[in-house]
Amino acid sequence: MAKKAVNWSMIITLIIGIVLVVVLGVVVWYVLKVKTEDTGNKYSACLLYEEHSPDKVSSDRGQKAELIRQLQDPNFKILQKQKLNYNDFTTDDFNLIKACESNMVYKASQTAINTFQDLSVPIVFNSVSDLERELKNNYDLDFTSLVNSTTGDKIAFANNTLDFFNKLNNLYGNKMLKSILYNLETGSMVDPQVVAVTKFGGWSSYGVYQCMVLGPRAADVNLARQQYDIGYWSTKMDINTLVHEMGHALSNYSWTYASDRQYFNKNLGGIPTCQSLNYGKPTRVRIYNESPNDYLVRYLGQRAGIGNGYPLQQKLAAWSFVQSGYGRGGSDTGGNGELFAEAFAQWLLTPDNQKGLNWQVLNDFYTNALKQEYAL
């Protein structure tokens, strides 16, 4: 019996040892699996679509929008604003940028382009007066003064503005469009370097305001072309500034909890026009943890094959696709807000003959991913 007892102890010990090894193996496997899924790949071949046209689009501004060139140019201040150091980039980082910029110039799907153009119908706004009447909130949305201030063709500017708002209406809905701004005005800017500004904040107990001021140069077609040609803006279209600022407005609206958008530009008794308004943080409304600005970068990085564990490489992929020095640098404190607005303008205003796969992935984002993520 004593010997038998010893044998049972050995067997039990052996079984326990085996169980512990198996459990430990499962734990290690699970941890590694979760870590891999969480971090993903640091680098990729940056293939946006497996199937695409063999033809490529060509740039009308040479290499001036290329990312590596702009990172090396201190005039763009991308690294300074984003608090990055050029020497921290590796050969693999630069190869990622080159791969993204090489692959994104294949022509976008004609089906995607046609579907995008279909957003122009039905036509809800037939004239500028229609636009002003239908979207009037607490104060006027003065599109007439904006059209009259353009240095280009006024009829073309008005038609482009109407097409833009018809697309927004058909994609995101009339309810959103009617509540997204309480005031749009034109006028002088405190800082002459600022072309336009969108203001967003809290008013009274439950009010959330958003408004826009477009400065004297907001409809200057020569400025738009000049800024585009040097690689600073993403598009040279005459309504570039208006669309850029509406990108900010869309981001702020999306960021607000869907159930709290009922307070958007409501309860604004006594609020002044946008020009004289001081910034105030939204109160008693909830915002999503991740802003649409940051979600854009994460989405583009994921579409390029970069995992969430590598935010810098996701940013490099996003910067490659959105060809704007202004967007890449962000505001004076960095961030992704200007990138979202510049991407929005690039998506809406790129001519059909210049729509590459980077346009197509932006089209996927603004027509599907953004709407699903933020319940638009």
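The shown structure was predicted, so the numbers you read here are calculated from the model rather than taken from an experiment.
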**Student:** May I have the step-by-step check of side chain to side chain donor-acceptor pair (under 3.5 Å) for Tyr326 and Glu338, ending in yes or no?
**Tutor:** CA-CA 7 Å; Tyr326 181 39; Glu338 299 303 335; 3.3 Å; yes

**Student:** Classify the ring geometry between His52 and Tyr106 as parallel (under 30°), tilted (30 to 60°) or perpendicular (over 60°).
**Tutor:**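 Judged by the thresholds at 30° and 60°, the geometry between His52 and Tyr106 is tilted.
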
**Student:** I want to check a possible cation-pi pair here: Lys64 against Tyr228, using under 6.0 Å from ring centre and within 45° of the ring axis as the test.
**Tutor:**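 So Lys64 doesn't make the cation-pi contact.
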
**Student:** For Asp163 and Ser120, test the side chains for any donor-to-acceptor distance below 3.5 angstrom and give the result as yes or no.
**Tutor:**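 There is such a pair between these side chains.
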
**Student:** Please state whether the rings of Tyr232 and Phe76 are parallel, tilted or perpendicular, taking 30° and 60° as the class boundaries.
**Tutor:**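 The arrangement is tilted - the two ring planes meet at 30° to 60°.
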
**Student:** Parallel, tilted or perpendicular: which one describes the rings of Phe89 and Tyr86, with boundaries at 30° and 60°?
**Tutor:**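 Rings of Phe89 and Tyr86: perpendicular, as their planes differ by over 60°.
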
**Student:** Please work out which of the three classes, parallel, tilted or perpendicular, describes the rings of Phe165 and Phe143, given edges at 30° and 60°.
**Tutor:**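 The arrangement is perpendicular - the two ring planes meet at more than 60°.
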
**Student:** Do the side-chain N and O atoms of Glu342 and Ser324 include a donor-acceptor pair separated by under 3.5 angstrom?
**Tutor:**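 Note: Glu342 and Ser324 side chains meet the donor-acceptor criterion.
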
**Student:** With no hydrogens and no angle check, do the side chains of Glu101 and Ser320 hold a donor and an acceptor under 3.5 Å apart?
**Tutor:**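 No.
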
**Student:** So, Tyr209 and Asn183: side-chain donor and acceptor under 3.5 Å apart, yes or no?
**Tutor:**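 Note: Tyr209 and Asn183 side chains miss the donor-acceptor criterion.
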
**Student:** Distance-only, no hydrogens or angles: does the Glu132 side chain make a donor-acceptor pair with backbone N or O of Asp142 under 3.5 Å?
**Tutor:**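 Between the backbone of Asp142 and the side chain of Glu132 there is no qualifying donor-acceptor contact (under 3.5 Å).
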
**Student:** Determine whether Thr273 and Ser276 make a side-chain contact, defined as any pair of heavy atoms from C-beta on separated by less than 4.5 Å.
**Tutor:**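 The answer is yes, as the side chains (C-beta and beyond) meet within the 4.5 Å cut-off.
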
**Student:** Quick check: does any side chain N or O of Asn41 sit under 3.5 Å from a backbone N or O of Gly307, one acting as donor and the other as acceptor?
**Tutor:**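 Looks like no, no N/O pair under 3.5 Å.
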
**Student:** Give a yes or no answer on whether the side chain of Trp359 reaches the backbone of Trp347 with a donor-acceptor pair at less than 3.5 Å.
**Tutor:**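 Yes, because the side chain of Trp359 sits within donor-acceptor range (under 3.5 Å) of the backbone of Trp347.
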
**Student:** Would you say the side chain of Arg328 lies within less than 4.5 Å of the side chain of Gln323, judging by non-hydrogen atoms?
**Tutor:**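 Result yes, sub-4.5 Å side-chain heavy-atom pair found.
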
**Student:** Taking atom types as modelled and ignoring hydrogens, do the side chains of Arg217 and Thr241 form a donor-acceptor contact shorter than 3.5 angstrom?
**Tutor:**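 There is no such pair between these side chains.
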
